[in-house]
Amino acid sequence: MDLSDALTYAAPIRRGVLATVKSDGRPQLSNIMFAVGADGVIRISVTDSRAKTANIRRDPRVSLHVTSGDFWSYAVIEGDAALSAVASEPDDDTVDQLVALYRDLGGDHPDWDEYRAAMVEDGRLVLSIRPSRAYGMLPG
């Protein structure tokens with residue numbers, strides 16, 4: 001499967017399952033929302049205290065499984081993940097990235113000041129995946 005076809009397929013779906021590698025080598029799966037940027041990078045808002053974040057710090061290899069509503073077509077996008085700094089101030093670079101990601105996923109927030117404060121309070125950061133390979137079964 002061509003990587004660009006997989007990204008084109010995944011972009012409008014925006015929901016998937018992220019697989020990271022646990023310390024014992026087994027997969028750890030998380031339901032997530034994501035956005036595919038114009039640069040081909042997949043971005044996900046994550047919390048610093050979660051298992052997937054710890055797994056990525058130890059082993060950046062990830063897979064993102066995206067499936068259609070009919071369940072029969074799907075793409076698995078593999079790549080290496082990178083983590084931004086944890087949000088520490090409402091106006092820092094990480095929170096700016098989280099605002100951009102929110103806009104990509106859902107449009108405008110009713111109270112951006114509240115959102116920015118929540119990102120710091122939650123210990124949020126941005127997980128970025130640079131895709132390197134894809135496989136699956138696309139429609140058609």
Side-chain angles (χ1 to χ4, degrees):
M1 171 184 297
D2 182 78
L3 187 54
S4 65
D5 289 342
L7 291 170
T8 298
Y9 170 82
I13 296 173
R14 297 185 175 175
R15 288 179 173 85
V17 178
L18 180 70
T20 61
V21 182
K22 297 192 308 187
S23 60
D24 66 2
R26 289 183 293 172
Q28 191 265 328
L29 305 173
S30 301
N31 292 349
I32 53 87
M33 289 185 69
F34 65 89
V36 177
D39 56 2
V41 174
I42 298 166
R43 292 178 178 84
I44 303 164
S45 173
V46 297
T47 305
D48 189 38
S49 61
R50 299 288 164 88
K52 66 180 153 286
T53 307
N55 292 342
I56 290 166
R57 284 194 174 107
R58 188 182 56 261
D59 185 340
R61 296 174 300 159
V62 298
S63 296
L64 175 63
H65 179 271
V66 180
T67 189
S68 67
D70 72 6
F71 188 69
W72 297 111
S73 64
Y74 70 97
V76 177
I77 301 168
E78 299 177 333
D80 287 334
L83 298 167
S84 71
V86 177
S88 61
E89 297 291 331
D91 61 348
D92 67 19
D93 182 60
T94 298
V95 175
D96 289 345
Q97 290 179 55
L98 290 161
V99 166
L101 179 56
Y102 185 99
R103 285 185 168 134
D104 285 347
L105 291 172
D108 272 331
H109 190 278
D111 185 340
W112 284 114
D113 290 338
E114 176 187 42
Y115 177 82
R116 286 174 172 276
M119 295 301 97
V120 173
E121 184 178 329
D122 291 351
R124 289 269 169 183
L125 56 155
V126 177
L127 182 161
S128 299
I129 303 170
R130 295 211 174 269
S132 57
R133 181 175 181 267
Y135 61 91
M137 179 73 68
L138 298 184

Nearest-0.5 Å distance that lies between atom [atom1] in [X] and atom [atom2] in [Y]:
{"X": "Leu138", "Y": "Asp2", "atom1": "CG", "atom2": "CG", "answer": "9.5 Å"}
{"X": "Ile129", "Y": "Ile42", "atom1": "CD1", "atom2": "CD1", "answer": "5.0 Å"}
{"X": "Ile77", "Y": "Arg133", "atom1": "CD1", "atom2": "CZ", "answer": "12.0 Å"}
{"X": "Ile56", "Y": "Arg50", "atom1": "CD1", "atom2": "CZ", "answer": "13.0 Å"}
{"X": "Ser45", "Y": "Leu125", "atom1": "OG", "atom2": "CG", "answer": "7.5 Å"}
{"X": "Arg124", "Y": "Ser84", "atom1": "CZ", "atom2": "OG", "answer": "11.5 Å"}

Hey, can you pull the donor-acceptor pairs under 3.5 Å for the side chains in residues 10-22, sequence neighbours left out?
residue: Arg14; atom: NH1; partner: Asp104; partner atom: O; Å: 2.9
residue: Arg14; atom: NH1; partner: Leu105; partner atom: O; Å: 3.4
residue: Arg14; atom: NH2; partner: Asp104; partner atom: O; Å: 3.2
residue: Thr20; atom: OG1; partner: Gln28; partner atom: OE1; Å: 3.2
residue: Thr20; atom: OG1; partner: Asn55; partner atom: ND2; Å: 2.9

Smallest separation among heavy atoms of [X] and [Y], with atom names:
{"X": "Val120", "Y": "Pro90", "value": "CG2-N, 3.6 Å"}
{"X": "Val41", "Y": "Ser128", "value": "CG1-CB, 3.8 Å"}
{"X": "Leu3", "Y": "Ala134", "value": "CD1-CB, 3.8 Å"}

- Message: Using a strict threshold of under 4.0 Å (side-chain N to carboxylate O), is an ion pair present between Asp108 and Arg103?
- Response: yes

- Answer yes or no: is there an ion pair linking Asp48 with Arg57, defined by an N-O contact shorter than 4.0 Å? yes

Hphob cluster co-occupancy, [X] + [Y], side-chain heavy atoms under 4.5 angstrom:
{"X": "Leu64", "Y": "Leu7", "answer": "yes"}
{"X": "Tyr102", "Y": "Val126", "answer": "yes"}
{"X": "Val99", "Y": "Ile44", "answer": "no"}

- Message: Can you confirm whether Arg26 is buried at CZ, in the sense that more than 12 heavy atoms of other residues, nucleotides or ligands lie under 6.0 Å from that atom?
- Response: no

- Thr53 (side chain) donor-acceptor with Thr47 (main chain) under 3.5 angstrom: yes

- Message: Check the orientation of Trp112 and His109. Use parallel for under 30°, tilted for 30 to 60°, and perpendicular for over 60°.
- Response: tilted

Would you mind reporting whether [Y] and [X] have side-chain heavy atoms less than 4.5 Å apart?
{"X": "Val46", "Y": "Ile32", "value": "no"}
{"X": "Asp80", "Y": "Ser132", "value": "no"}
{"X": "Tyr9", "Y": "Ser68", "value": "yes"}
{"X": "Val66", "Y": "Phe34", "value": "yes"}

Show me the donor-acceptor pairs within less than 3.5 Å that the side chains of residues 91-98 make with the rest of the protein, sequence neighbours left out.
residue: Asp92; atom: OD1; partner: Thr94; partner atom: N; Å: 3.2
residue: Asp92; atom: OD1; partner: Val95; partner atom: N; Å: 2.8
residue: Asp92; atom: OD2; partner: Ser88; partner atom: N; Å: 2.7
residue: Asp92; atom: OD2; partner: Ser88; partner atom: OG; Å: 3.3
residue: Asp92; atom: OD2; partner: Glu89; partner atom: N; Å: 3.0
residue: Asp93; atom: OD2; partner: Gln97; partner atom: NE2; Å: 2.8
residue: Thr94; atom: OG1; partner: Ala85; partner atom: O; Å: 2.8
residue: Asp96; atom: OD1; partner: Arg116; partner atom: NH1; Å: 3.0
residue: Asp96; atom: OD1; partner: Arg116; partner atom: NH2; Å: 3.0

- Query: With a cutoff of under 4.5 Å between side-chain heavy atoms, which Ile, Leu, Val, Met, Phe, Trp and Tyr residues group with Tyr135?
  - Reply: Tyr74, Val76, Met137

